[in-house]
Structure formats: C-alpha cells, structure tokens
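Notes follow the structure.
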Amino acid sequence: MKFWRIDTFFFILIVLPILGSTRFIYGQSIMQDSISIDSLDRYYKLSKSNSLSIPVKLGYVNSFLKGASLFKQDSLVYLGLMRKTKLLGQSRQYDSAITYTYQLYDLARQKRDTLYIGKALTKLGIYHKSNNQLAEAFNYYNEAFKLARITKDSIKTGRSLLRMANIQTSLGDYSGSKTTAIDGVKYLEDTSELRSLAGLYHIISVANRVQKNYKEAIKYNTKALSLGKDKLSRQTIGVKNILIFKNTKALILANQGDYQEAIKILKDLVENSVVKQDKREYARVLGNLGYVEWLEDKNDEDAKSILHKALVIREEIRDVKGIITSCIYLTRYYLDKDKSKALFYAESAYHNAKQQHSLSSTLEALGFIFELRENTNEEAKVYKEIHNKLLEVNQSNREIYAVTRYENDKLTNENLILKAETARKERQRIIYLFSILLVILGGGMVFYWFEQRHRREKIREVYNAEARISKKLHDELANDVYQVMMQLQNNQNDSGVLDKLEDIYNSTRDISREHNSFGTGKEYARELNAMLSSYSTNSTKIIIKDIFEINWQSITPEKKIIVHRTLQELMVNMKKHSQAALVAITFKKTPKSILITYADTGVGVSAEEIIYSNGLRNTENRIKTIGGSFIFDSERNKGFKAKIQFPN
C-alpha cells in the first residue's frame with residue numbers, strides 16, 4: 001500500500017518543471033520518440049482547456065498517455081487515465097469510459113495503490129449508472145464503500161453509501177435506499193461533508209414520502225434544509241440542491257393535503273432566477289406546480305396548461321426522465337376526463353421508460369395501460385418480466401449490501417415491543433434510579449480508595465527518590481571524598497588529588513542533573529533537548545530528531561514530566577553500562593499518539609538482565625501511568641532499542 005501521491009497541481013507546478021530541467025543534462029536520453037517532458041506538460045494543459053472541444057482535448061490526452069507510457073511513470077499514467085475517462089464521460093461515451101477506467105483499476109491493483117483503486121471503483125459506478133446499468137453500478141459503489149471503510153475514510157464511505165442509496169431510489173427500492181442512507185448518515189453526521197450529508201437526509205425524506213410516512217419525511221427534509229444555515233454552507237451544499245429540497249418539501253405538503261402552502265413554495269421556485277436559468281429544473285418545478293394545482297382543484301384549466309408547458313420544455317431539451325414524469329402527470333389528469341388522451345400519455349410514458357431502461361417507471365406506466373386498454377396481453381407479459389427483473393435486482397442489491405436492521409418490519413416489531421413494555425416503565429424507572437444511586441456511592445468509594453492509594457504512592461516515590469539520592473551520595477561521593485582525605489593526610493603534594501577532585505565534581509554534577517527540576521511550559525522542548533544533548537561526549541554522539549516538531553503545548557505537564565524522567569533513565573543507563581558510540585532518539589507525531597524511539601550501539605543487555613532491571617521496570621511503570629507503552633529489545637553486543645508511545 002502506497003502512502004505518497006502526486007496530485008495534478010503538484011505535478012504541473014513542481015514535477016514537470018524539475019524533470020524538464022534535466023533535459024539539458026541528459027540530452028537525448030530523456031527524449032522518447034520526440035516526446036519531451038515539456039510537451040507532456042503542454043498536452044496535459046491543453047486537455048483541460050475550456051476553449052477546446054472534447055474530441056480535440058481527447059487527442060491531446062492520448063498524446064499525453066503515449067508519452068507517459070514511454071517515460072514509464074505510473075503517476076503520469078494515472079493522471080492521463082483519470083483525465084481521459086472524465087472527458088469520455090462528459091461526451092457520454094460511457095462504454096469507452098468504462099474500458100479505460102478498467103485500465104486505471106488494473107494498474108492501481110497491480111501497484112496496490114488504494115487511492116486510485118477507490119477512484120477507479122467510483123468511476124466504474126458513475127459510468128455504469130450513466131449507461132443505465134444500475135445493478136453493475138451498485139456493485140462497484142459497494143466495492144468502493146468497503147475499501148473506504150477498510151481505510152477508515154468516513155467521508156468516502158458516506159459518499160459511496162449516498163450513491164448506492166440513489167440507485168436504490170431509482171429502482172423503487174425505498175426501504176433499501178432508506179436503510180443505506182441511514183447508515184451513510186452515521187459516517188458523515190460528525191464531519192464537514194455537508195453536501196453528501198444533506199443528500200442522505202434528502203433520500204431518507206423521499207423514501208418516507210413514498211411510503212406515506214409524512215411526519216418522518218418532513219423531519220428529514222427539514223434536516224437537509226437546516227444544514228444550509230448560512231451563505232458558505234449553502235454554497236457547499238449547492239444552491240440547486242437546496243432548491244430541490246424545497247421542491248420536495250412542497251410535494252410532501254401536497255401529500256398531506258396542504259395544497260396552498262405547497263403551491264406557494266412551488267410558485268416561489270418558478271420565479272427563482274437560478275431555477276429559470278436551468279431548463280431541466282424549471283420544467284420539473286413547473287410540472288409539480290401544475291400537478292399540485294390539479295390536486296387542489298380537478299377542474300383547474302390553468303393546471304392543464306402548466307402541465308403541457310412543462311412537457312414541451314422537457315421534449316425540447318430531450319429530458320427523457322422528465323418526459324416520463326410529465327406523461328404520468330397528464331395521464332392522471334385525463335384519467336377521468338378523456339380516456340383516449342390518458343391512454344396516449346400512458347403509452348408515451350411507457351415507451352420513454354423502456355428507452356431509458358427505467359424499470360420502476362415502466363411498471364407505473366403499464367399499470368395505467370392495463371386500466372385504460374382492453375387488449376393488454378403483450379404488455380402483461382412485459383409487466384411480468386420487468387416486475388420479476390426489478391425484484392431480482394433489488395434483492396441482489398440488498399444481498400450485496402447486507403444491512404437490514406433498519407427495515408420497516410423490524411422497526412414495527414420494535415415499536416410493538418416498546419408498547420408491550422410501557423406498563424413496566426414506572427417500575428423500571430425506580431430500579432434505574434436506585435441503581436444510579438448505588439453506582440454513584442460505589443464510584444465515590446472507589447475514587448476515594450484510588451485517591452488514597454495515589455497519595456501513598458506519591459509518598460513512597462518521594463521516599464524512594466530520597467533513598468536513591470542518599471545511596472548515590474554514599475556510593476559515588478562519600479567513599480571518594482574519604483579517599484582524597486587520606487591521600488592529603490599521607491601526602492599533601494600528591495598530584496593525583498586534583499584528578500580525583502575532578503571526578504568527584506563530575507559525579508556531583510551527574511547526580512544533580514538526574515534529579516534537578518525542569519519546566520513544563522513553552523521551554524520544555526528546549527530543556528529536554530538540552531538534557532539529552534548533555535550526555536554527548538567525545539566517545540558518545542547523541543542524535544536527536546524532530547523533537548521540535550511535536551506540539552508539546554498540547555501535552556499535559558504530567559506526561560511531560562514522565563517523558564523527561566523516562567528518557568533521562570535511558571540516558572543514565574546508557575552512560576553507565578552501554579559504552580555506546582552512537583545514540584539516536586526520534587520523536588514522531590501520529591494521529592492519536594506520540595511515538596519516541598531510542599536506539600544505541602552499545603554492548604546491550606541479556607534477556608535476564610532486562611527482567612531483573614529495576615530501572616527499566618520503573619521506566620515501564622511510569623509510562624503505563626499515562627496510558628502508554630514501553631517496549632524494549634536488546635541482546636548482548638547488539639545494542640539497545642526502546643519504543644515509547646503514549647496518547648497525546
């Protein structure tokens with residue numbers, strides 16, 4: 001798995017100029033079939049030029065890919081394939097887009113590059129969906145979801161679930177789409193990914209509306225709209241998406257019978273400048289307005305003209321999905337007024353739905369045809385075939401994404417269980433209160449016990465420190481001082497006295513250094529660095545790496561003290577026992593912890609010596625008190641290594 005990446009911006013501004021400059025050093029060795037780094041840079045920029053047509057840009061990206069393959073640079077091939085598949089998708093050449101996305105996917109799998117594996121899977125889902133291959137698209141989105149979950153990327157996980165839920169909605173599987181969308185919310189509700197979160201709320205709202213659970217539909221519609229609380233958040237979600245949510249709100253209100261409020265919202269949307277600029281969205285809102293006005297008054301002639309106007313606009317822009325919706329609306333409008341016209345629009349919806357490969361819309365149109373036409377043998381066969389296919393696809397999707405805990409049946413069962421337990425709630429509340437009281441009392445006792453134990457440990461720690469200092473003074477200084485006194489008594493001109501006094505001074509300084517106080521504020525890193533560096537001698541070199549890269553200000557004083565004492569213990573042991581020529585101490589910040597590694601080239605210690613070493617055991621105990629770990633490894637004549645890790 002790779003952790004380095006070259007994105008487009010970095011590639012264009014940094015990598016290509018550097019590679020281009022090497023041309024003057026290596027001359028023709030850099031050139032491959034008359035393609036240079038400079039020309040690759042130019043091809044790539046031209047493939048992104050808005051002033052050129054897509055076929056021309058495809059020509060440039062093909063030249064880029066040819067050069068990238070000659071240079072044998074995976075990062076360049078990634079860029080070229082990403083660009084080419086995007087252009088093919090924009091030109092609706094979905095089969096070709098899928099073919100080249102498979103190339104991207106195969107390369108990423110070969111290189112075990114999880115970033116581009118995920119991008120390729122998402123692209124395969126997008127192009128299969130655009131190609132009306134919804135079952136295949138769902139499968140690829142599900143694979144992208146699993147990969148994002150493995151790599152613990154919450155945002156990509158939520159986005160994949162949003163795309164999967166959208167497909168289930170298109171297939172009419174509203175229970176499945178709601179389940180998937182609710183799972184998606186879990187990954188995104190605590191992130192800044194407002195656009196996808198709003199989309200998930202919208203899907204849940206739509207599913208509840210279709211299932212006639214209007215209270216929940218309004219609840220999640222309100223959640224989606226409330227995310228756009230200011231200008232920046234509305235821009236993040238997308239102004240058009242906000243307008244779509246309002247359109248859905250109007251439909252929910254109409255379903256509840258509040259036609260006046262629904263019509264007011266739809267009329268405001270029809271006059272919105274953003275809606276007017278988008279013919280597809282304008283026709284959608286206009287069609288909904290006509291339909292709701294008809295629901296309010298079945299004899300409203302204005303409703304008929306609005307419905308026809310929406311259909312004309314959709315036919316002009318070849319919005320097939322919109323045409324299907326308009327035809328269904330007009331079928332319902334004419335159903336009790338003019339059977340022949342109703343049948344005409346039902347058949348139109350049927351043929352457009354078949355062209356669009358929309359299984360759910362085809363079934364809806366066929367339902368009206370059965371009602372309006374006598375001879376429907378052929379359509380009945382089609383209905384049965386599509387109905388079975390739709391059931392099969394939805395069942396397959398549910399098996400692919402095997403999460404059914406939010407299914408309506410289970411929710412209903414849970415509600416029944418809750419109702420059955422209502423009679424016992426009062427008694428349970430008393431039990432809970434009594435239990436809480438016991439927990440509080442028990443917790444207080446445990447806290448008091450830990451507080452007392454902590455106090456005793458502090459006393460013992462002070463005593464041990466004093467005993468340790470006393471022993472050092474006796475072992476390392478008292479005997480030496482007595483020896484100097486005897487030397488002076490025997491021979492006041494003994495030249496070795498000065499050397500011995502210097503040794504006593506050095507020992508005194510070492511003891512002072514081991515037990516001196518130090519600050520835990522802004523100067524902590526500097527003092528820690530100075531302490532470690534002080535153990536450097538002519539025979540021992542100390543290397544300290546990245547100590548100032550750690551944000552020590554965010555670490556508690558208690559942890560700083562333990563880190564200081566732990567490293568000091570290691571340095572003292574090194575000086576006394578290891579005879580190391582080189583000591584390396586490295587500091588590293590990980591997402592959830594601080595990692596410190598220690599290594600020296602000394603004589604090392606045996607496993608038995610490690611087990612019975614009071615110093616190492618004390619060091620390990622210190623680190624454990626802050627929730628960290630201390631791992632060491634050593635063998636005789638193979639140096640000593642230690643890894644200290646604790647939460648930041």
Side-chain angles (χ1 to χ4, degrees), residues 162 165-166 168-182 184-185 189 194-229 234 237-272 274-275 278 280-298 300 303 306-307 310 321-322 324-326 328-329 331-333 360-361 364 406-408 411-412 415:
L162 171 61
N166 269 321
Q168 288 173 300
T169 300
S170 300
L171 292 169
D173 182 11
Y174 294 103
S175 291
S177 69
K178 186 164 66 173
T179 296
T180 306
I182 288 172
V185 168
E189 59 186 349
L194 297 182
R195 188 185 187 94
S196 297
L197 181 59
L200 289 165
Y201 286 147
H202 176 63
I203 285 174
I204 298 169
S205 173
V206 169
N208 278 303
R209 183 178 82 84
V210 173
Q211 294 172 335
K212 300 183 180 181
N213 190 354
Y214 302 127
K215 183 178 179 181
E216 286 295 296
I218 281 290
K219 172 185 171 183
Y220 280 96
N221 179 263
T222 303
K223 280 177 173 283
L225 286 168
S226 64
L227 289 177
K229 55 182 178 290
R234 286 192 292 273
I237 295 169
V239 175
K240 286 185 179 180
N241 288 329
I242 297 288
L243 297 174
I244 289 171
F245 302 158
K246 290 182 178 180
N247 179 74
T248 300
K249 181 178 181 179
L251 295 178
I252 298 169
L253 292 170
N255 290 139
Q256 291 178 305
D258 191 353
Y259 300 120
Q260 286 297 320
E261 184 62 25
I263 290 170
K264 181 179 181 298
I265 293 172
L266 291 169
K267 283 185 174 180
D268 288 342
L269 290 174
V270 166
E271 296 302 321
N272 187 281
V274 176
V275 173
D278 187 335
R280 185 183 298 267
E281 194 57 35
Y282 179 72
R284 184 219 294 264
V285 175
L286 200 63
N288 289 336
L289 175 61
Y291 184 65
V292 175
E293 286 188 350
W294 171 73
L295 287 175
E296 185 188 32
D297 182 1
K298 297 296 175 68
D300 189 345
I306 292 173
L307 287 171
K321 289 183 179 178
I324 296 168
T325 302
S326 284
I328 294 294
Y329 280 169
T331 299
R332 290 173 178 167
Y333 178 86
S360 55
S361 296
E364 186 177 10
Y406 297 111
E407 290 292 330
N408 287 337
L411 290 174
T412 303
N415 289 334

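All values reported here derive from a predicted model rather than from experimental measurement. No hydrogens, no waters, no symmetry mates; every other heavy atom, side chains included, goes into these values.
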Determine the minimum heavy-atom distance between Ile242 and Gly228, stating which atoms define it. CD1-CA, 4.4 Å
Stepwise, does the side-chain contact (heavy atoms from CB on, under 4.5 Å) test hold for Ile244 with Arg284? CA-CA 10 Å; Ile244 289 171; Arg284 184 219 294 264; 4.1 Å; yes
Quick one: does any side-chain atom of Ser205 pair with a main-chain N or O of Tyr201 as donor and acceptor, under 3.5 Å? no
Considering all heavy atoms, the nearest Gly290-Ala303 contact: O-CB, 3.4 Å
Taken to the nearest 0.5 Å, the spacing of Ile263 CD1 from Asp297 CG works out to 9.5 Å
In terms of heavy-atom contacts, Ile203 and Ala181 come closest through CG2-CB, 4.0 Å
Which heavy atom of Gln168 sits nearest a heavy atom of Gly176, and at what distance? OE1-O, 3.2 Å
For a 4.5 angstrom cut-off between non-hydrogen side-chain atoms, does Tyr282 reach Asp278? no
Separation between OG1 (Thr180) and CD1 (Ile204), nearest 0.5 Å, reads 10.0 Å
Lys267 and Glu293: which non-hydrogen atoms are nearest, and at how many Å? CE-OE2, 3.6 Å
In a check of side-chain contact (heavy atoms from CB on, under 4.5 Å) between Val275 and each of Asp268, Val239, Leu243, which one passes? Leu243
With Tyr291 via ring pair (Phe, Tyr, Trp, His ring centres under 6.0 Å) - residues at least two apart: Trp294, Tyr329
For side-chain contact (heavy atoms from CB on, under 4.5 Å), just list the numbers for Lys321 and Ser361, CA-CA rounded to whole Å, side-chain angles, deciding distance to a tenth of an Å, and then say yes or no. CA-CA 9 Å; Lys321 289 183 179 178; Ser361 296; over 6 Å; no
Do any pairs count as a side chain to side chain donor-acceptor pair (under 3.5 Å) and have a residue in residues 246-261, sequence neighbours left out, and if so which ones? Arg209-Asn255, Asn247-Asn288, Gln260-Glu296
Closest non-hydrogen atom pair, Leu197 against Glu189: CD2-CA, 3.9 Å
Output every pair passing side chain to side chain donor-acceptor pair (under 3.5 Å) with a member in residues 214-225, not counting sequence neighbours, ordered by first then second residue. none
